[in-house]
Amino acid sequence: TKSTVIITGASSGLGLATAKVLADSGEWHVIMACRDFLKAERAARAVGMPKDSYTVIHCDLSSLNSVKQFVDNVRQSGRPLDVLVCNAAVYLPTAKEPRYTADGFELSVGTNHLGHFLLANMLMEDIQHKENDTNRRVIIVGSITGNTNTIAGNVPPKANLGDLRGLAGGLDGVRSSVMIDGGEFDGAKAYKDSKVCNMLTMQEMHRRFHEKTGVTFASLYPGCIATTGLFREHYQLFRTLFPPFQKYITKGYVSEEEAGKRLAQVVSDPTLNKSGVYWSWNNQSNSFENELSQEASDAEKAKKLWEISEKLVNLS
Ligand code: NDP
């Protein structure tokens with residue numbers, strides 16, 4: 001029988017490319033957790049995913065209620081869950097004003113971090129209850145841009161969670177700042193901050209659950225996939241110049257297909273089952289365990305982030 005993987009944001013870019021690789025392998029049933037049902041269904045068909053290899057289930061990560069509804073629907077589908085991939089993200093680099101989730105959190109951190117935080121916590125129950133299986137994983141897609149020990153991660157505005165005072169206040173722009181560190185709104189920074197949260201969450205999950213449950217936790221930087229919808233809100237000039245810049249100057253560019261193969265490896269390759277790892281790939285496309293920046297590997301901060309996030313999504 002096939003294993004089951006949930007991929008959030010599987011309607012485009014990396015998520016779709018990964019869904020395609022896994023569906024084509026014949027070994028996986030892919031649950032596409034998407035906010036736009038029709039778009040996801042069309043995307044799956046357009047890339048030629050076999051009809052019985054996937055199910056689209058609605059999930060809008062910018063609404064905690066939607067996340068809960070999604071979890072209910074997954075449970076009702078009766079498929080035992082093997083792997084969760086937290087992949088969806090929004091990036092608002094040109095926004096002048098903050099936008100908000102249904103629950104009133106700044107949209108980038110609310111979607112990329114808090115939505116996934118609730119989802120991953122709720123689904124731990126479903127993943128760990130499967131016996132005799134060594135391939136149970138929770139993967140949270142990270143990024144180099146949140147990682148200040150790299151050149152890309154040092155392009156301003158840099159990620160910085162500070163003492164998390166804005167997050168503790170609820171990121172609502174009324175009682176607290178919309179930024180985690182309490183600063184002024186900056187859409188590009190909010191995205192990078194959310195990616196640091198993703199990487200910290202993966203490590204905290206590893207510390208809290210790996211030994212007890214045997215589940216593998218991992219994050220990754222798949223390479224710069226300069227052509228995806230992630231850059232849809234960027235200036236047109238940037239969108240024209242960014243792919244060739246990444247291809248020919250930084251040489252960090254990867255195609256959506258290649259990035260999809262990489263994420264699919266983290267889902268299913270038996271040799272990539274070490275927990276607590278942030279995977280990257282070298283120029284020969286070989287995977288290696290990468291180092292995270294000081295902030296993105298700060299265990300104290302991860303714990304604090306966890307405790308505040310639990311309160312915000314009403315888990316504690
Ligand atoms: P895309 O914009 O192509 O994909 C993002 C996906 O997230 C889309 O399917 C989108 O849905 C979905 N999404 C956005 N908001 C929500 C929401 N509220 N609820 C549910 N789904 C939502 O970008 P990428 O494929 O590039 O991004 C995928 C991941 O890769 C992200 O985590 C990103 O941070 C990471 N990444 C990307 C890099 C790159 O160079 N592109 C580099 C490093 C990391 P919809 O189709 O409906 O808009």
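Heads up: numbering here begins at 1 and tracks the sequence. For ligands, and for the atoms within them, numbers begin at 1 and follow the listed sequence.
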Visitor: Taking only non-hydrogen atoms of Cys34, do any sit less than 4.0 angstrom from ligand 1?
Guide: no
Visitor: Taking 4.0 angstrom as the limit and counting only heavy atoms of Gly223, give me the atoms of ligand 1 inside it, by number and element.
Guide: 42 (C)
Visitor: What are the atoms of ligand 1, with element, lying closer than 4.0 Å to any heavy atom of Cys59?
Guide: 19 (N), 20 (C)
Visitor: Taking the minimum heavy-atom distance to atom 41 (N) of ligand 1, which of Asp36, Ile225, Leu61 ranks first?
Guide: Ile225
Visitor: Is it true that Arg232 lies under 4.0 Å from ligand 1, counting heavy atoms only?
Guide: yes
Visitor: So between Ala89, Ala17, Gly13, whose heavy atom ends up nearest atom 5 (C) of ligand 1?
Guide: Ala89
Visitor: Name the option, out of Glu256, Glu233, Arg35, that contains the heavy atom nearest to atom 15 (N) of ligand 1.
Guide: Arg35
Visitor: Salt-bridged, Asp72 to Lys68, with N to O below 4.0 Å?
Guide: no
Visitor: Considering both backbone and side-chain atoms of Gly9, is one of its nitrogen or oxygen atoms within less than 3.5 Å of a nitrogen or oxygen in ligand 1?
Guide: yes
Visitor: Can you label the angle between the Tyr91 ring and the Tyr191 ring as parallel, tilted or perpendicular, going by 30° and 60°?
Guide: tilted
Visitor: Which atoms of ligand 1 have any heavy atom of Tyr191 under 4.0 Å away?
Guide: 33 (C), 34 (O)
Visitor: Is Gly142 close enough to touch ligand 1? Criterion: a residue heavy atom under 4.0 Å from a ligand atom.
Guide: yes
Visitor: Under 4.0 Å, heavy-atom basis, I'd like to know which part of Thr111 is in contact with ligand 1: side chain, backbone, both or neither.
Guide: side chain
Visitor: Under a 3.5 Å cutoff, is there a donor and acceptor pairing between the side chains of Glu41 and Tyr54?
Guide: yes
Visitor: Looking only at distance, does Asp60 have an N or O less than 3.5 Å from an N or O of ligand 1?
Guide: yes
Visitor: For ligand 1, is any non-hydrogen atom under 4.0 Å from Phe231's backbone (N, CA, C, O), its side chain (CB onward), both, or neither?
Guide: side chain
Visitor: For Cys224, counting its heavy atoms only, list the atoms of ligand 1 lying under 4.0 Å from any of them.
Guide: 40 (O)
Visitor: For ligand 1, which atoms sit closer than 4.0 Å to a heavy atom of Lys39?
Guide: 45 (P), 46 (O), 48 (O)
Visitor: Any idea which of Asn87, Ile140, Asn198, Thr228 brings a heavy atom closest to atom 29 (C) of ligand 1?
Guide: Asn87
Visitor: Give a yes/no verdict on whether any heavy atom in Gly115 is under 4.0 Å from an atom of ligand 1.
Guide: no
